[in-house]
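Reckoned from all heavy atoms, side chains included, excluding hydrogens, waters and symmetry mates. The chains referred to below are lettered A, B, ... by the order of the sequence lines, with proteins before strands, and numbering in each begins at 1.
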Amino acid sequence: MSDNYEYILKTEHVSKRFGTLEVLKDINLEVKKGEVICIIGPSGAGKSTFLRSLNQLEKITSGKIFIKDELFLHRENDHTVERLPREKQQELLLEMGMVFQRFNLFPHKTVLQNVCEAPVIVRKEKKDEVEKRARDLLSKVGLSEKADEYPSRLSGGQQQRVAIARALAMNPEIMLFDEPTSALDPELVGDVLQVMKELAQTGMTMLCVTHEMGFAREVADRVLFMADGIIAEQGTPEQIFTNPQAERTKNFLNAILEA
Amino acid sequence: MKTGFFKQYSRQLIAAAVILVICIVLAILKPAKEELMSHTSPEMQKMIEADASSSRKRVTVTYNDLFIINYASLSTSGAKVMSEKYVGFVGRVYPADEGVMKVTGQMVNYTYRMLGCRENLMHGAKLTILLTTLTVIFGVVLGTLLALAKISKKKLLSGAAGVYIFFFRGTPLLIQLFVVYFTVPGVFGFAWRDLFSASDTEAVYKGAFLAALIAFGLNSGAYCAEIVRSAIQSIDKGQFEAAKALGMNYFQTMTRIIIPQSVRRMIPNVSNEFIMVLKDASLVFAISLMDITTVSKNIMTSEGSYLVFIPALVIYLVITAFFGFIFDKIEKKFSVYE
């Protein structure tokens, strides 16, 4: 894989319809390597759907997705026009790690097994090497002593940090966070955000759908405000939070700040 | 894990240990076969001695040893018909020609025959347990494949699985057994017994056993398919998504993530299915396999003993209880992560 690319991730005219409901309308986004992008907006705006479309958990209705400047997928009217051969597609998809709102850890596997599973099974790496890396990652997220516990014995915040370690174990270049703290008790949010902050400092490319405005303000290079399936406004955190232009953004931020 | 097991089942285990100790004590106290034989009348003993040096036997000896109790029946044919029966229990030998001891002796004899104690696997309780276990294994494997076909997005595959399940659940098992045992060989021109060597005296039984296993397995597959399907569909959709996001393909997702989690949810239903199959296995009386039911029916017909069905029921209950316990244990073992 060549490292000479302009955008690590790019979408052109991405749209998604569920039946007659238009969830995404013509989304264009360009992401440079190392950028941290936070996506904010009211619920139902299509934030999660957009994120899930990027790693193929949702099939887009039309539009183009580029990964590392290569046309990954091109669909029109719910039909695939062009896409990479399956193997190549798989290879590029592995560049994206995903963290879910509901953690989705594998309950029948221990924390360590959760982290080691995919590198061993999918990447066919040697088990002892993966295990070493997994223990490193677990200590980075502050959970080395929980390696042999089952997820059900962990708090939500701990589970989410395991989920982050699990995604990182695949050595992705982009991390997608789908409201990673929304299902957590307020006192557990901080630990997860701290891990994400540290991850951002390592230069990881990140796309975070989040309601944590403080986090977005502090960590993001760019904030997207999505509403009704479009990117209504985007800019640096200062621009968005101190001087929003669009009416929708102003209303949304006012509503949040009042709460 | 080990200590957890003992803690969990302490009451059952203590009960089992007490029963076992009592049984061993009773077994030690039980009179030996020779003692039973020495109680026979002098006349009978003379005939037995005479038989030992003659090629023509006049005395038929039946000896049944049921671990804690034993039973001997001696009868002669020819000029002088004699019949003597004895029950040995806790150090004493009781004549069993009438009254309570007669019934006790009969029960020992019937139980012995229904368990198929001295016979091979094609007899009695051994046959029932073997057929049931193999059927359920067959059924679960087939059921898993059918369930995966049924939830598949390929219409042809899921349609075919749906038709299969509809057919096998919608027709009587006995007729399915007849179709496999009679119709299939009739149409394709073979006989089930011919699948085994002609010198094998049990070829008929083995052939019938194979036919029964196929019929029951195909039928159980349809029921297990629904068990597996509902277990798979009860798994959170997030598990599929997490596996996909980590790059696992369908096969990896199913075998490493989804099915292991479904197994625990299947066990109570598979346990139930096992008990259903155990009872359905009695249908093999229709193709003359010598299972518990057939043996009891034969005893009823040949000896007119209507009490034979009571030990038959007890045997079924003991088997059910035993396997219920095993399944319970397996379920607990799979629940460690919850």
For B:R264, is the CZ atom crowded, meaning more than 12 foreign heavy atoms sit under 6.0 Å from it? yes
With a sphere of 6.0 Å drawn around NZ of A:K132, does it hold more than 12 non-hydrogen atoms of other residues, nucleotides or ligands? no
In short, B:Q252 meets A:V122 closest at the heavy-atom pair OE1-CG2, 4.0 Å
May I ask you to check whether over 12 heavy atoms, not counting those of A:D148, lie within 6.0 Å of atom CG? yes
Sidechain-backbone polar pair: A:Q90 side chain, B:M248 backbone, donor-acceptor under 3.5 Å: no
Working to the nearest 0.5 angstrom, can you tell me the gap between A:R52 CZ and B:E241 CD? 4.0 Å
Largest heavy-atom contact set with chain B, pairs under 4.5 Å, which of A:E149, A:Q101, A:R166: A:R166
Given a strict heavy-atom distance threshold of 4.5 Å, which part of A:I121 is in contact with chain B: side chain, backbone, both, or neither? both
Tell me whether A:N104 contacts the main-chain N or O of B:G238 through its side chain, where contact means a donor paired with an acceptor under 3.5 Å. yes
Heavy-atom neighbours of A:L21 CG exceed 12 at 6.0 Å: yes
Within 6.0 Å of CD in A:E87, more than 12 heavy atoms from elsewhere: no
With chain A, the option among B:A245, B:A243, B:G247 that has the most non-hydrogen atom pairs under 4.5 Å is B:G247
Side chain, backbone, both or neither of A:F106 within contact of chain B (heavy atoms, under 4.5 Å): both
Is it true that atom CZ of B:F251 has more than 12 heavy atoms of other residues, nucleotides or ligands lying nearer than 6.0 Å? no
More than 12 heavy atoms of other groups within 6.0 Å of B:F166 CZ: no
Euclidean distance, A:L57 CG relative to B:F240 CZ, rounded to 0.5 Å: 13.0 Å
Compare all side-chain heavy atoms of A:E117 with those of B:L246 and state whether any distance is below 4.5 angstrom. no
Close side-chain approach of B:Q239 to A:P107, heavy-atom, < 4.5 Å: yes
Within 6.0 angstrom of B:F322 CZ, more than 12 heavy atoms from elsewhere: no
Go through the atoms of A:L176 and report whether side chain, backbone, both or neither lie under 4.5 Å from a heavy atom of chain B. neither
Taking every heavy atom of B:R256 against every heavy atom of A:K109, the minimum-distance pair comes out as O-CE, 3.7 Å
